[in-house]
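Working notes, beginning with the structure itself.
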Protein chains: 2
Amino acid sequence: MAGIRDVAAAAGVSVATVSRALNGHRSVSPETRERVLGAVDRLGYRPNAVARSLRTDRTRTLGLVISDVMNPYFTELARFTEEEARAHGYSVIIGNADERPELQDHHIRTLLDRRIDGLLVSPADGRSPFAPGTRLPTPPVVLVDRWVPGLDVTVIRAEGATAVRELVAHLHGLGHRRLAVITGPPATTTARERVEAFREALAEQGMHLPEEYVGEGDFRAGSGRRVTERFLDLPEPPEVVFATDNLMALGALDAIRARGLRVPEDIGVAAFDDIPWFQHTDPPLTAVAQPVADLARAAVGALVDLIEGRPARSVTLPARLVVRRSCGEPRAGTPLTPRPRRSA
Amino acid sequence: MAGIRDVAAAAGVSVATVSRALNGHRSVSPETRERVLGAVDRLGYRPNAVARSLRTDRTRTLGLVISDVMNPYFTELARFTEEEARAHGYSVIIGNADERPELQDHHIRTLLDRRIDGLLVSPADGRSPFAPGTRLPTPPVVLVDRWVPGLDVTVIRAEGATAVRELVAHLHGLGHRRLAVITGPPATTTARERVEAFREALAEQGMHLPEEYVGEGDFRAGSGRRVTERFLDLPEPPEVVFATDNLMALGALDAIRARGLRVPEDIGVAAFDDIPWFQHTDPPLTAVAQPVADLARAAVGALVDLIEGRPARSVTLPARLVVRRSCGEPRAGTPLTPRPRRSA
DNA sequence: GACCGGCATGTAATCGATTTCATCTGCCGT
DNA sequence: ACGGCAGATGAAATCGATTACATGCCGGTC
């Protein structure tokens with residue numbers, strides 16, 4: 001509980017000098033600096049971050065609001081975000097919106113109240129994250145993964161359309177023609193992008209997407225299960241179900257297993273967002289993988305640039321298709337697309 | 001950027017009155033309160049949490065330091081912790097130690113610097129979390145899941161021994177005799193408890209645990225793979241591998257699959273810490289499940305009690321065995337042990 | 001009618017740091 | 001010899017809230 005005054009007393013200098021010594025100010029003589037530093041660790045003094053923040057108006061803290069911590073994709077994003085932020089000297093406070101806009105708003109308000117220096121958001125819905133009459137001084141903001149159309153803000157995301165097209169080509173190559181999709185909430189850009197890319201890719205291959213092969217989910221396992229059950233009840237069920245996120249794919253697997261059907265023999269499954277667990281599911285899942293670590297790094301980099309007064313540009317990184325066995329055995333000769341990872 | 005002075009001016013009162021009105025102080029006349037509240041939302045005023053914390057010496061924030069965010073068990077713990085904390089009016093700052101003691105120390109220091117009101121820790125190793133010369137005023141602390149032997153601190157954890165004994169009985173019942181175990185870092189209490197219980201349970205069943213059937217892991221997938229490979233290289237490999245945490249079980253599955261062996265026909269796998277993904281692995285994994293949500297609730301409850309000056313007791317909650325297919329088909333008649341969940 | 005108590009409010013101290021401005025001491029140049 | 005400047009330090013203002021203490025007023029009591 002030693003304060004700066006105690007250190008000053010112990011070192012026989014004023015609090016101003018202690019502060020200067022600690023902050024590496026130039027005009028402190030080497031001897032006094034030494035004396036101060038000595039007193040500091042003799043007393044085990046640590047500056048009170050709260051007081052410091054009040055005075056300097058900087059908290060050295062970033063806020064990260066994600067849609068769902070339990071989704072491994074976001075867990076990973078959070079983990080790399082913290083890592084990169086720490087490298088820049090920032091802490092991260094994570095807010096879990098649990099896909100609920102009002103919870104997202106709660107976290108954003110709380111974070112702003114705490115005067116974080118910058119905010120990373122992956123919006124739970126299509127509204128501006130600052131809808132609720134926020135006349136707070138908004139710090140720099142960077143959107144990650146998902147974004148909000150009309151909003152002029154730096155966005156760091158992955159380009160999923162190309163990989164989705166590859167996926168469709170892959171499925172077509174395996175002989176599948178009846179492809180269904182489980183979408184996410186239409187308010188999210190990622191859901192829309194993935195479904196649109198899927199629909200267009202089908203068209204390119206001369207297939208089309210009947211209305212009954214489109215089911216709306218909410219990026220949680222439960223909805224994936226329900227939608228898949230509807231697909232299976234169809235007079236002519238699809239040959240492959242494409243889930244636009246990993247948890248819904250899990251739900252799809254559930255539903256299929258509950259009917260006693262086999263993957264991929266009876267029906268194939270593919271997912272957006274690859275995660276380590278997909279290597280171990282039964283069977284291993286074919287999925288589109290985002291470069292999560294790179295996204296996190298780019299996002300933190302951009303945010304820190306903004307905070308420190310430098311400009312920041314939006315970045316789009318490529319996603320890539322990872323073929324496993326959940327849509328049928330790739331025939332010999334099918335290229336496995338481990339393209340070199342390029343950076344945008 | 002409106003401050004309390006602006007509100008005071010707008011409402012025609014002093015800052016003291018504004019503060020009192022906002023904090024629900026009794027002696028503010030209804031009319032002035034009304035006037036103040038009006039000004040508040042006309043200006044979109046939100047109190048500066050930093051300034052408030054400095055004055056009141058309370059941040060309404062809890063710190064949560066976990067060993068590994070990417071471990072679904074801890075992710076879930078973090079999620080429920082935040083939920084419960086929010087219900088009590090607290091925010092949570094998560095620190096990910098990544099199983100590295102020095103990173104754990106870093107996070108604890110940072111959290112203390114920020115003057116969190118209380119700290120929840122699941123220690124990465126056996127040392128006191130306050131080893132590094134911390135003469136900071138330590139706020140109330142509660143340990144979750146893992147604990148530190150000599151330390152007199154409230155501990156909220158699950159009792160794994162009973163469930164491990166059930167597991168061994170189950171394996172014995174399936175006819176397995178050669179059982180191996182992948183331990184965690186010996187510095188963690190959870191690793192020791194689980195291995196000890198395992199060893200004792202074997203003894204109870206008249207089996208014993210040869211040294212070469214014990215491999216030390218570090219609670220990460222990679223170590224599970226390496227240890228399992230060693231097991232498989234043995235002249236007489238085990239019939240079942242018990243991983244003392246979920247990620248190492250995943251590694252074990254990897255190693256087994258890499259050899260072209262089948263689970264459970266060639267070798268069985270069981271894990272401590274059940275997670276949703278285990279229903280979808282190939283095959284679904286038999287595991288010991290901890291009541292994570294209850295642990296989180298109890299931990300936050302205890303911590304908040306401590307913070308608010310009430311006493312708090314340590315709590316031990318029961319874990320339970322979830323039998324799936326990874327150790328062989330349970331014969332008809334084997335009880336599936338869905339015992340009613342009791343609370344300690 | 002003086003006094004007391006409580007209510008409503010204001011003034012100013014306070015939390016623990018940073019930072020502006022002032023002060024003091026040498027030293028240099030002319 | 002003296003003005004000026006740079007380096008080292010200290011005193012005090014400051015950040016934006018909360019809160020102890022002071023003040024003024026009103027009503028009730030003896």
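Values reported hereafter were calculated over all heavy atoms of this structure, with side chains retained and with hydrogens, waters and symmetry mates removed. Keep in mind that this is a model prediction, so the values were computed, not measured. In what follows, chains carry the letters A, B, and so on, assigned in the order in which the sequence lines appear, proteins first and then strands, with residues in each chain numbered from 1.
Applying the side-chain hydrogen bond (donor to acceptor under 3.5 Å, both in side chains) criterion to A:Glu102, with sequence neighbours excluded, gives A:Arg100. Remark: A:Arg55 engages no residue in a side chain to side chain contact (heavy atoms under 4.5 Å, CB included) (not counting sequence neighbours). The side chain to side chain contact (heavy atoms under 4.5 Å, CB included) test applied to A:Asp218 returns A:Arg220, A:Ser223, not counting sequence neighbours. In terms of the side-chain hydrogen bond (donor to acceptor under 3.5 Å, both in side chains) criterion, A:Asn48 has no residue partners (sequence neighbours excluded). With sequence neighbours excluded, the residues that form a side chain to side chain contact (heavy atoms under 4.5 Å, CB included) with B:Ser53 are A:Val50, B:Thr59.
A:Asp68 and A:Tyr73 form no side-chain donor-acceptor contact under 3.5 Å, judged by distance and modelled atom types alone. In this structure, a donor-acceptor pair under 3.5 Å is present between the side chains of B:Arg114 and A:Thr61.
Within residues 19-31 of chain A, the residues that place at least one heavy atom under 4.0 Å from DNA chain D are, in residue-number order, A:Arg20, A:Ser27, A:Val28, A:Ser29. Sorted by residue number, the members of residues 51-63 of chain B with any non-hydrogen atom under 4.0 Å from DNA chain C read B:Leu54, B:Arg55.
Sorted by first then second residue, the salt bridge (charged side-chain N to carboxylate O under 4.0 Å, His left out) pairs that include residues 299-308 of chain A, not counting sequence neighbours, are A:Asp305-A:Arg310, A:Glu308-A:Arg310.
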Could you list the protein-to-nucleotides 25-28 of chain D atom pairs, N/O on both sides, closer than 3.5 Å?
none

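Across the interface with DNA chain C, nearest-nucleotide mapping of A:Ile4 and B:Val15 shows B:Val15 to be the residue nearer the 5′ end.
Residue B:Arg5 qualifies as open at atom CZ: its count of foreign heavy atoms under 6.0 Å is 12 or below.
Taking a cutoff of 4.0 Å between a charged side-chain nitrogen and a carboxylate oxygen, B:Arg35 and B:Glu31 do not qualify as a salt bridge. Electrostatic pairing of B:Glu83 and B:Arg79 counts as a salt bridge here, judged by a charged N lying under 4.0 Å from a carboxylate O. Between B:Arg46 and A:Asp113, at least one side-chain N (NZ, or NE/NH1/NH2) sits under 4.0 Å from a carboxylate O, which counts as a salt bridge.
Under the 3.5 Å distance criterion, the side-chain polar atoms of A:Arg157 are left unmatched by any main-chain donor or acceptor of A:Thr316.
Contact annotation: the side chain of A:Leu64 approaches that of A:Ile66 to within less than 4.5 Å [non-hydrogen atoms, C-beta and beyond].
One end of the helix from C:dG1-D:dC30 to C:dT30-D:dA1 points its axis 60° away from the other end's axis, with each axis taken from 5 pairs and the angle rounded to 10°.
No engagement by A:Val18 is indicated, since no non-hydrogen atom pair under 4.0 Å with the nucleic acid exists.
Atom CG in A:Asp113 sits roughly 10 Å away from atom P in D:dA17 (whole-Å rounding).
Once you apply a 4.0 Å limit to the heavy atoms of chain A, the touched nucleotides of DNA chain C run 5' to 3' over C:dG16 to C:dT20.
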Report all side-chain donor-acceptor pairs from residues 15-22 of chain B shorter than 3.5 Å, counting only partners two or more places apart or in another chain.
| from | atom 1 | to | atom 2 | distance (Å) |
| --- | --- | --- | --- | --- |
| B:Thr17 | OG1 | B:Ser14 | OG | 3.3 |

